[in-house]
Amino acid sequence: LNELTQRAAGADGGRFWIPVFLLPFLLLYGGFTLWPLLATLYYSLFNWDGIRPLNDFVGLGNYQRIAGDAVFWLSFKNTLVFAVVETAVKLPLSLLVAILVTRRWLLFKTFFRTVFFLPIILPVALAGLVFTYLLNPANGALDSFLTDRGLIKTPIDLLGHGNTALVAIILVAIWQIFGQYMVYWMAALQNVPEEAYEAADLDGANELQKLIHITLPMIRPVALIISLLALVNALHVFGVVVTLTEGGPGQASYTVSYFIYNEAFREAPFRYGYGSAAALLFAALAFVFVAGQALIARRAEQLRRDYGV
Amino acid sequence: MAVLARRPLRRRTYLNLIAVPPLLLVSLIWAYPFLWTLSTAFKTQLGAFTAGANLVPQPVELDNFRRAWVTAGFSDYFVNTVVYALGSTLIELTKSALCGYVLARYRFSGRDLLYRVIVLTLFVPVISILIPQFVLIEHLGLLNTRLGVILAQSGGAGALYVLLFTAFFENLPQDLFDAARVDGAGFVQTFRPAHHRSGRHLPVRSQLERLHGPAGLHPGSAQPPEPGRGHAPFPGHPQLRLDRIRGWDAHLVRARSSGLPGLSGLLRARAGRGSQRLITEAALSELRRRADAYLDVEPPSVVRKRVLPPSGDIHDYLSLAPYFWRNPDTDDGLPYVMADGEFNPAAMEIPDKPGLYLLLDLVYVLGHAYRRFRRPEHAEKAATCLRIWFLAPETRMNPNLEYGQGIPGVSHGRPVGLIDTREIGKVLEGAMLLEGSGAWSAADTGLLRTWIGHFLTWLFNSAFGREEASATNNHATWYQAQAAAMLLFCGHLDRAREMVERGNRLLDEQVAADGRQPQELTRTNSRHYSMFNLLGFCRLARVGDQVGADLWEHRTPSGAGMGAAIDHLLAYWDAWPLPTLGPMPADNVEFLEVLYGAAQHCGARFAVAWRERSAADDLSPIFFGPLNEGARRQP
C-alpha cells in the first residue's frame, strides 16, 4: 500500500484512488437501489402479481387507475399531513432538547440525554405494539390514568377514529424517532466553537441572545440537511402505521407506503405492477414536495442574508 | 475576585431552576412507555391487562424471559439481529465514508451526476424496490442466507449516509487537507482518520504543528542556504510556517489557526451588536491585539529564501504560481499543470510571498495602531520591517517582479505575478502613519518613495508590466489599483488621476449590463473572483477620491457601473448561481470592504447590507485596505 501511494503521490494519486473509493458504494448502490428502481419502473407497466410470468403489458394503465384511486389519494393526503406535522413538531423540539442537554451549566445532563434517547432503541414494531396496549380504551394506561383522576368520564379510543388515529401515529412516531434527531442536533451543536460562547459571556449576552446570534446561525447549514432528512423519512412512514392501526379504522390512516405494501404483498391477488406504479408516482410527488421545501428554504435564506458564510 | 467567582455560579443555579423542572416533567412522560414495557416484561399475562397505568408488577413474573429466550427461540433471533446489525453497519459505514469523502473533496467527471442521482433515490420508498432486491439476491444464490440479508440491508438505503458523510467532509477545514498535502500525504493518507480526528476548529493549530513538526520547511523543496550570503536559514517561526498553509491573508490565517481569536472577536462583537460604544471598543481592541501579536514576528525579507532566482540574485523576489501542481504524468513532475482555484501549498514554501503578504499587513496594522495608541514599540517594529524589506542593502528586495508566479518547467516568471504586490498601498499608508514616531521619519518615507519610484519605472517599462496592464480581467484592475496607489504616494497626482480614469474603460470592458463580470465568471472560483475584481475597483476608486476622479459614478455604455456590479454580487453572494469553489479565507472580510465602499458611494441599500453582515470589528473600516488617512498629510 505504501508503495502504491508513493507512486501515485504526484497528483496525490486521485486518478487511481477515486474509482477505488467509489467502487464499494457503486456496486451495492447499483445492485440494490438503481437496478431495482429500473426494474420497478418496468414492472409498473405490467399487470403483474409478482409470481406469474410477466406478460400482461398494460402501458400506462396502472398509472391511469391510480389517478382515479380514492384510497391512494387519501393515503397521499395522510402522508403529507403526517410528514408536515411530524417534522414541524419533532425538529424544533429535538433541537430545543439538544441545546439544553449540551449546555455546560445543565444538571443531570446524562440522565436527560438517556431518557430522550431511550425510545429509539426499541424497534419500531415494539413501539407500535406497546402503544396499542397503552392507548387501548378498555384497559390501557392512558385511559386508566385519565379516568382514575376524573379527567374524563368515558374512555377515549384514540386509535379508533380516523383523525385521532393519525394524531396518535404522529405522536408515537415522534416519541420513537426523537432520540435520533436529538443526536443529529447534538452533533451539529458540537461544531459551534466554545470560544464563541465565552466571548459572548464576556459581553454579558444572555442565553437567548447566544441562541439567536451564535448557535442558530452556526448550525444552519447542517439544519438544512437534517430538515431534508426528516421530511424524506417522514414521507416513508410505514412501521408505526402497520403496528399501531394497520391503516385503520377502515382506511382512515393509510399512508402511501402502507398502501403500496397492501397492494403488493398483503391482499391476494397481489398487484405488484400496480404497487410499483404507485411507488414511482409517489416518489415523483414526494420529490416535488421536498424540492419545493428546499427551494423555499433557500429563498428565505437569501432574503435573510444576515450571516456571511 | 470573590464577586467575579460568584456571579457565574448564581447564574448557573438560576438557569437550572428554569430548565430542570420542565425537563424532568417531560422526561417522566417520555420514559413512561419505556418503563411500562420494562415492567410488563415482569407481569403475568393477566397482570399486563389489568394493571392500568400502574408500573409495579404484581405478582412479579420472571418466567417471561425464560419462555422468550428458550420457547420462542429468541436466542436465535438475537444472534441474527446482532449479526445483521454489525454486518450491515460495517459495510454501510465503509462504503459511505469512502464515497462521501471522494464526493466532498474531489472533482471528477460524473461527480455531479452521481450526486444528483443519489439525492433523487432518497425519495423512492424502500418498500417499492423490495421485489427486485429479492430477485437479485436469488440470482446471487444468497437467498435465505445471512449474507443476503446483510447485503440487501446495506445496499438498499445507502443514499442517506453518503450524503451525511459528504456534508461532514465538506465541513472540514481545507487547511487540514492542505497541511496533509504539504506533509506529503497521498490520497489514502489524507483520508485516514488521523487527519480529521478533530474535524473541527480548535485543534487545527495542534494538527498543523503536529503535521509540520518544528522543522518548518518541507524536506525536498529546501535547498541548502547559499554560502557566503550571510542570511539566516528561514526560521521555523509559527507565523510564517502557518502562512504557507494558505497564505491568502496573513493575519486571517494566523487568527484561524491560533485558537480563533479572530472569530471569537467577531462573534463577541456580533453578540453585542447594537451598542455603538462596544463596537468601537471591540474594533480598537482587535487592532491592538493584532498589532501586539506582530511585535514578536521575525521581520520578513527576500533573502530568507533557500532557492536562488534564475538571475542568481537573492534580492530578486521569487514566487510560484498558486494554482499549478506537479504533473502526474511525468517522472520529474514537470511541466506543472494548472488546476484553477486549487491552491498548491508548495507554492508558499518560498518565503518571499508569505513574507510580502505578512509585511503588507504588518506595516498597515502597526501604522494604524501607532496612530491610535502612540506606542513606540509598534512604530519601531514596523520601521524595522520596512527597512529590512525595502532599504537595507543586505536584505532589501530589488524593485521588480521578474520572477513572480513562475511555473516549474514552463517559465521563471509571468506578468500575472504582479498580482502579488496588489496590496502595496497598505504598506505605503502604514509607512506614512509612522512618520514623526522617532523610529521612522519623513526622510525614511522619502527613501521608500525612491524605491517605489524604481518599482513604478519597472512596472511601466518592463514587458511584464505592459502585458499585465493589457489584461482583460481582475489583473488589469489590480495593476491600475496598485499603480495608482504608488503614483499617489510618490506625489504624481495627475498621473494617478489618469490611472483612475483608465478604470472607466476597464469597467466598460468588464461589467455587463446586468452587473455580471463575464471574465471572472469563467474562473473555477467565480464567486471569489467576481468579488476580488470589485475589491480592486474599490481600491482604485478610493485613490480616485483623493485626486478628483470619480470611478464610483462612472456608467458604462450599457448603463452599468460599480453599483450595478456590486448589486449583482450582493444579490447572489449567498446562493451563487454558477459552479464555484468554496470560499477563500478572506472572502467575507473582503466582501465587507466592497460593501463598505459601496455604502459610502453607491447608495443606502449597501449601507444596510454592510451593517447587517458586519460584526462589530468589521464595522470599523480600520481592517479594510488603505483608508488614505496618511495620504491626506501628503505634501
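Below, all heavy atoms of this structure are taken into account, side chains as well, without hydrogens, waters or symmetry copies. The sequence lines fix the lettering, A, B, ..., with proteins before strands; numbering per chain opens at 1.
Put simply, CD on E92(B) and CZ on F25(A) are 8.5 Å apart, with the number rounded to the nearest 0.5 Å. Atom CG of L151(B) sits about 5.0 Å away from atom CZ of F32(A), to the nearest 0.5 Å. Once rounded to the nearest 0.5 Å, the distance linking CG of L28(A) with OG of S88(B) reads 11.0 Å. Rounding to the nearest 0.5 Å gives a distance of 12.0 Å between CD1 of I120(A) and CZ of F34(B).
For V130(A), the parts sitting under 4.5 Å from any heavy atom of chain B are the backbone and the side chain alike. Proximity to chain B is limited to the side chain of L26(A), based on heavy atoms less than 4.5 angstrom apart. For a residue to count as touching a neighbouring chain, one of its non-hydrogen atoms must lie under 4.5 Å from one of that chain's; by this rule L38(A) does not touch chain B. Using a 4.5 Å cut-off between heavy atoms, F131(A) touches chain B through its side chain atoms alone. Using a 4.5 Å cut-off between heavy atoms, L28(B) makes no contact with chain A at all. Only the side chain of I260(A) comes within contact range of chain B, with heavy atoms under 4.5 Å apart. The part of L34(A) that comes within reach of chain B is its side chain, from C-beta onward, which places non-hydrogen atoms under 4.5 angstrom from that chain. Contact annotation for R103(A): neither backbone nor side-chain heavy atoms come within less than 4.5 Å of a heavy atom of chain B. Within the 4.5 angstrom heavy-atom criterion, no atom of V337(B) approaches chain A.
Residues L129(A) and T37(B) fail the side-chain proximity criterion, which asks for heavy atoms closer than 4.5 Å. The shortest distance between side-chain heavy atoms of L134(A) and Y32(B) falls below 4.5 Å. Within the 4.5 Å cutoff, the side chain of L98(B) has no heavy atoms near those of the L22(A) side chain.
Each of F116(A), F112(A), F111(A) was scored for a ring pair (Phe, Tyr, Trp, His ring centres under 6.0 Å) with W30(B), with one residue passing: F116(A). Screening L37(A), T40(A), T33(A), L41(A) for a side-chain contact (heavy atoms from CB on, under 4.5 Å) involving P132(B) leaves a single residue, T40(A).
Heavy atoms from other residues, nucleotides or ligands lying under 6.0 Å from CZ of F108(A) number 12 at most. The 12-atom threshold is not exceeded at CG of D331(B), counting heavy atoms of other residues, nucleotides or ligands nearer than 6.0 Å.
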For Y29(A) and I118(B), what are the C-alpha separation, side-chain angles and deciding distance, and is it a side chain to side chain contact (heavy atoms under 4.5 Å, CB included)? CA-CA 9 Å; Y29(A) 183 68; I118(B) 292 173; 3.9 Å; yes
Full working for side chain to side chain contact (heavy atoms under 4.5 Å, CB included) between V115(A) and V26(B): CA-CA 10 Å; V115(A) 166; V26(B) 177; over 6 Å; no
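For the pair L100(A) and A19(B), the tightest heavy-atom approach, listed with the atom from each and the gap, is CD2-CB, 4.2 Å.
For chain A, the option among T330(B), L23(B), I137(B), L140(B) with the highest count of heavy-atom pairs below 4.5 Å is L23(B). Interface check for chain A: of the options G100(B), C99(B), A31(B), the most heavy-atom pairs under 4.5 Å are formed by C99(B).
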